Amino acid sequence: MAMQAQGFMDLFMRSNYFPQVSNWLLSLTISVVLLGCSSAPEQQQTEIDQTTTTQVHNSNSDISDPFESINRVMWDFNYDYLDPYFVRPVSLAYVNYTPVPVRSGVRNFLSNLDEPFSVVNNVVMGNGGKAMNHFNRFWINSTFGLLGLIDIASAAGIEKRDKKEFSDAIGHYGVGSGPYFMVPGYGPITLREGADVVDGLYPPLSLINFWASLGKWALEGMETRALLVSQEATLENSPDSYSLMRDIYFQRQKFNAEIEVEPVENSEEEALIDSFLQDDYFDE
């Protein structure tokens with residue numbers, strides 16, 4: 001079971017399709033899927049989940065959570081109150097009542113705004129090919145795609161890659177994540193992620209004001225939250241959802257910074273990962 005849980009963790013390392021919105025919701029998804037793999041009886045499930053929690057924790061020996069007691073209170077507030085009574089219903093209303101073409105155009109437009117800083121950060125990390133990919137996507141979608149409303153670049157065969165933020169770039173060169181914080185209404189964040197303010201210095205993000213940035217964050221967050229509905233029920237299987245979310249959040253930071261992670265060697269786990277990558281919500 002521990003190896004299978006690691007397989008699920010590697011899955012999410014490979015499939016960074018979620019936008020940078022409410023990071024706590026993304027971590028929630030990872031915890032949910034990680035815990036959805038068991039078919040054992042309830043008593044045995046508890047023992048297995050405890051083993052999984054320990055295994056994941058041991059794989060993140062550099063975790064810094066000096067404010068854990070406060071962070072746990074904030075996690076409970078986010079998950080038990082803010083999400084069910086506000087974030088979830090608002091997100092579902094947006095997704096269910098907004099026409100798909102409108103949502104798709106908004107999503108494409110907002111994603112296109114992130115391409116320039118991904119170009120710069122990939123150059124810093126030495127990823128010349130990825131930087132060129134982001135550059136080509138930006139100018140093609142910004143011109144032929146009507147300022148990014150239409151994803152012409154993908155139709156032309158230019159792969160849509162995960163964005164790279166400045167915190168990923170400096171993490172790639174050894175800057176640690178720093179202390180972990182659980183922010184009410186936002187979710188998890190580390191000290192290193194504060195460096196992402198640099199990304200807002202590049203146009204077009206540098207040209208939008210605070211309220212436009214807030215709107216971008218909210219719209220992307222609603223799209224992400226709506227994708228998690230099918231995974232909600234299994235979260236309760238975790239004996240400690242906070243620890244799982246935190247530990248995998250740090251693992252994902254390593255992946256984004258392109259710090260080498262242990263590959264999956266079991267062929268059955270690899271097949272499971274491949275099949276899971278084909279799930280529809282990764283294509284949203």
Side-chain angles (χ1 to χ4, degrees), residues 12 15-30 32-33 78-79 82-119 133-165 185-187 196 199-200 202-233 256 276-284:
F12 281 93
S15 16
N16 248 340
Y17 285 86
F18 298 126
Q20 181 193 20
V21 232
S22 45
N23 291 335
W24 69 280
L25 292 174
L26 174 60
S27 304
L28 169 64
T29 307
I30 301 173
V32 166
V33 178
N78 285 339
Y79 179 68
L82 188 62
D83 180 71
Y85 296 111
F86 180 71
V87 176
R88 186 182 189 276
V90 170
S91 299
L92 292 181
Y94 170 74
V95 169
N96 291 335
Y97 294 103
T98 303
V100 173
V102 174
R103 285 176 49 215
S104 179
V106 170
R107 185 168 59 242
N108 291 337
F109 174 78
L110 297 178
S111 177
N112 194 54
L113 298 177
D114 298 335
E115 299 287 7
F117 70 69
S118 291
V119 174
N133 181 282
H134 285 287
F135 175 75
N136 287 333
R137 288 188 57 83
F138 180 69
W139 77 261
I140 291 174
N141 286 339
S142 297
T143 53
F144 301 108
L146 304 178
L147 299 180
L149 291 173
I150 305 173
D151 189 0
I152 297 295
S154 291
I158 302 177
E159 181 182 1
K160 184 176 183 180
R161 295 182 177 273
D162 306 323
K163 64 185 177 184
K164 289 294 182 186
E165 299 167 305
Y186 182 83
D196 290 340
D199 297 330
Y202 310 122
L205 288 180
S206 63
L207 304 177
I208 64 178
N209 60 26
F210 168 79
W211 297 109
S213 297
L214 183 63
K216 177 179 183 295
W217 176 82
L219 289 167
E220 290 176 334
M222 288 188 292
E223 287 284 357
T224 300
R225 181 59 185 91
L227 297 176
L228 313 184
V229 172
S230 62
Q231 304 295 334
E232 291 172 348
N256 289 342
F276 206 86
L277 282 170
Q278 299 173 4
D279 284 358
D280 291 340
Y281 61 81
F282 284 120
D283 298 326
E284 290 292 329

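Note that this is a predicted model, so its numbers are computed, not measured. What you see below is based on every heavy atom in this structure, not just the backbone, and it leaves out hydrogens, waters and symmetry mates. FYI, the numbering just counts along the sequence from 1.
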Tell me the salt bridge (charged side-chain N to carboxylate O under 4.0 Å, His left out) pairs involving residues 134-148, sequence neighbours left out? E115-R137, R137-D151
Output for pair (Y202 OH, L113 CG), nearest 0.5 Å, gives 15.5 Å
Taking the side chain as every heavy atom from C-beta outward, state whether R88 and L92 have any atom pair closer than 4.5 Å. yes
Heavy atoms, side chains only, cut-off 4.5 Å: are M222 and V95 in contact? no
Nearest heavy-atom pair of S118 and K164: which atoms, and what distance? OG-N, 3.1 Å
N108: which residues meet the side-chain hydrogen bond (donor to acceptor under 3.5 Å, both in side chains) condition with it, sequence neighbours left out? none
Applying side chain to side chain contact (heavy atoms under 4.5 Å, CB included), name anything that partners I208, two or more places apart in sequence or on another chain. L205, A212, S213
How about H134 and F117: do any of their side-chain heavy atoms sit closer than 4.5 Å? no
If you look at every heavy atom in F109 and L149, which pair is closest and at what distance? CB-CD2, 3.8 Å
In a check of side chain to side chain contact (heavy atoms under 4.5 Å, CB included) between I158 and each of N136, N141, I152, which one passes? N136
The reported gap from CG in N112 to CD1 in I140 (rounded to nearest 0.5 angstrom) is 10.5 Å
Distance col, row D83:CG vs S91:OG, nearest 0.5 angstrom, shows 8.0 Å
Just to verify, what does S206 make a side chain to side chain contact (heavy atoms under 4.5 Å, CB included) with, not counting sequence neighbours? P203
By side chain to side chain contact (heavy atoms under 4.5 Å, CB included) - contacts of T98 (at least two apart): Y94, V102, R103
Using only atom types and a distance under 3.5 Å, with no angle test, would you say the side chain of N133 pairs donor to acceptor with the backbone of E159? yes
Which pair of non-hydrogen atoms, one from K216 and one from L110, has the smallest distance, and what is that distance? CE-O, 3.5 Å
Interatomic distance, CG@D196 vs CD@E165, rounded to 0.5 Å, equals 4.5 Å
Working to the nearest 0.5 Å, report the span between OG of S104 and CD1 of I150. 9.0 Å
Would you confirm whether S142, through its side chain, and F138, through its main-chain N or O, come within 3.5 Å as a donor-acceptor pair? yes
Residues which pass side chain to side chain contact (heavy atoms under 4.5 Å, CB included) with P89, listed by chain and number, not counting sequence neighbours: none
